[in-house]
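Have a look at the structure below, then the notes.
Numbering of ligands and ligand atoms starts at 1, following listing order.
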Amino acid sequence: YRNIPSLSERYRPYFRIGAAVNAKSLNTHRDLLVTHFNSVTAENEMKWEEIHPEQDRYEFAKADALVNFAREHGMFVRGHTLVWHNQTPAAVFLDDLGQTATAAVVERRLEEHVATVLGRYHNDIGCWDVVNEAVVDAGTGFLRDSRWLQTLGDDYIAKAFRIAHQAAPDALLFYNDYNETKPDKSERIYKLVAGLLDEGVPIHGIGMQGHWMLDDPALDEIERAIDRYASLGVRLHITELDVSVYGNVHGTGGQSQEVLPYDDELAKRLAKRYRSLFSLLRARKDVIESVTFWGVADDDTWRDNFPVRGRKDWPLLFDVNHGPKQAFWSVVEF
Ligand code: G3I
């Protein structure tokens, strides 16, 4: 091997470089993490169903391990995520009879969850994805019809940010979403965040998940979304970057037009795509504060079986043996 430069050192003049980490990869990918990343996000371990599985039971061990690791290595921690329609116990929204709980009960549970979790990590976690994926992908609606909306009403998002700010006044608070460059959806995200800012809600940033593909979204679509969001005066984080070699993230429902073998041709296409993405992001370092990959290396990603069932995807910069791919060299050599 030629000696491998540190990705996070290479990007120190631009923005933090992060990775989503889970309880397993915190150990199996430790070398890559300490060498190439200066920010971490818990892939699942800080989500409600994992950290607070029952009303009177919290499970902090895995989140503590991640936070301790980050502190030991001087790494920033992104908190992910408080209010989301996914991975939240159904019981949060139900009363003892299994009926839908009242807004007052759900709001009190939300306050307690946020106060407990943000209180525990207020010295360790610099920013939180307070609300994740709350606007609809397509169609004429605006907010996703989630249990949060059904029980708390459409000001649940403002409520969540105010509760989070109350619990951790120093934490930077983000709204996080995917397909965030699609014109219709980015307009909805823009409108949501602009409205919150107009109401004086404490929101400091937008998380652009960045679950992108080889050719889509086009660079100018990404740049338009960055400009639109930046015009609100908020910070931008790319929060879940990966580049699926097998097509659409939330569009083709698991079938993909092209199921190619991961050969040199595909590796080159992936490297070229990452080179162009990072060239764009570097040019926008004035508003992009951090770029987090949704995983560390190809041997442990959420993408296996998605978007193509039964197929491994190769979305990251390090291969299944933790070696640097062509895509790695394409983003460090510039
Ligand atoms: O914890 C259970 C375990 O007890 C059980 O044995 C196992 C088998 O069923 O499932 C485990 O839960 C899995 C969980 O990850 C923890 O590993 C769920 O099945 C699985 O669906 C869940 O997937 C996560 C997914 O969010 C859930 O929506 C992925 O790991 C995670 O990468 C993904 O991350 C999301 C972001 O949070 C938000 N943006 C989209 C992104 C990709 O979907």
- request: Output yes when Glu107 and Lys159 qualify as a salt bridge under the 4.0 Å nitrogen-oxygen rule, no when they do not.
  value: yes
query: Hey, are Gln209 and Asn132 close enough side-chain-wise for a donor-acceptor pair under 3.5 Å?
result: yes
query: Under 3.5 Å between some N or O of ligand 1 and some N or O of Asn44?
result: yes
task: Just jot down the ligand 1 atoms closer than 4.0 angstrom to any heavy atom of Glu240, in number order.
output: 36 (C), 38 (C), 39 (N), 40 (C), 41 (C)
query: Nearest non-hydrogen atom to atom 36 (C) of ligand 1 belongs to which of Gln209, Gln87, Glu133, His80?
result: His80
- prompt: What part of Trp294, side chain from CB on, backbone N/CA/C/O, both or neither, has a heavy atom under 4.0 Å from ligand 1?
  reply: side chain
message: Looking only at the side chains, is there a donor atom on one of Glu49 and Trp84 sitting less than 3.5 Å from an acceptor on the other?
response: no
message: Between ligand 1 and Lys47, can you find any atom pair, the residue atom being a heavy atom, that is separated by under 4.0 Å?
response: yes
- prompt: Salt bridge between Asp319 and Lys325, side-chain N to carboxylate O under 4.0 Å?
  reply: no
message: Can you name the atoms of ligand 1, numbered from 1 with element, that are less than 4.0 Å from a heavy atom of Glu50?
response: 1 (O), 16 (C)
message: Can you confirm whether the side chains of Asn38 and Glu9 place a donor and an acceptor under 3.5 Å from each other?
response: no
query: Are any of the heavy atoms in Phe306 under 4.0 Å away from ligand 1?
result: no
message: With heavy-atom distances below 4.0 Å as the criterion, list the atoms of ligand 1 near Asn132.
response: 38 (C)
message: At less than 4.0 angstrom from any non-hydrogen atom of Glu43, what atoms of ligand 1 do you find?
response: 29 (C), 30 (O), 31 (C), 32 (O)
query: If we only count N/O pairs under 3.5 Å, is Trp302 in contact with ligand 1?
result: no
Solution key, residues 188-203 side-chain donor-acceptor pairs under 3.5 Å, sequence neighbours excluded:
| residue | atom | partner | partner atom | Å |
| --- | --- | --- | --- | --- |
| Arg188 | NE | Val136 | O | 3.1 |
| Arg188 | NH2 | Asp137 | O | 3.1 |

query: Is there a donor-acceptor contact under 3.5 Å from the side chain of Thr28 to the main chain of Lys24?
result: yes
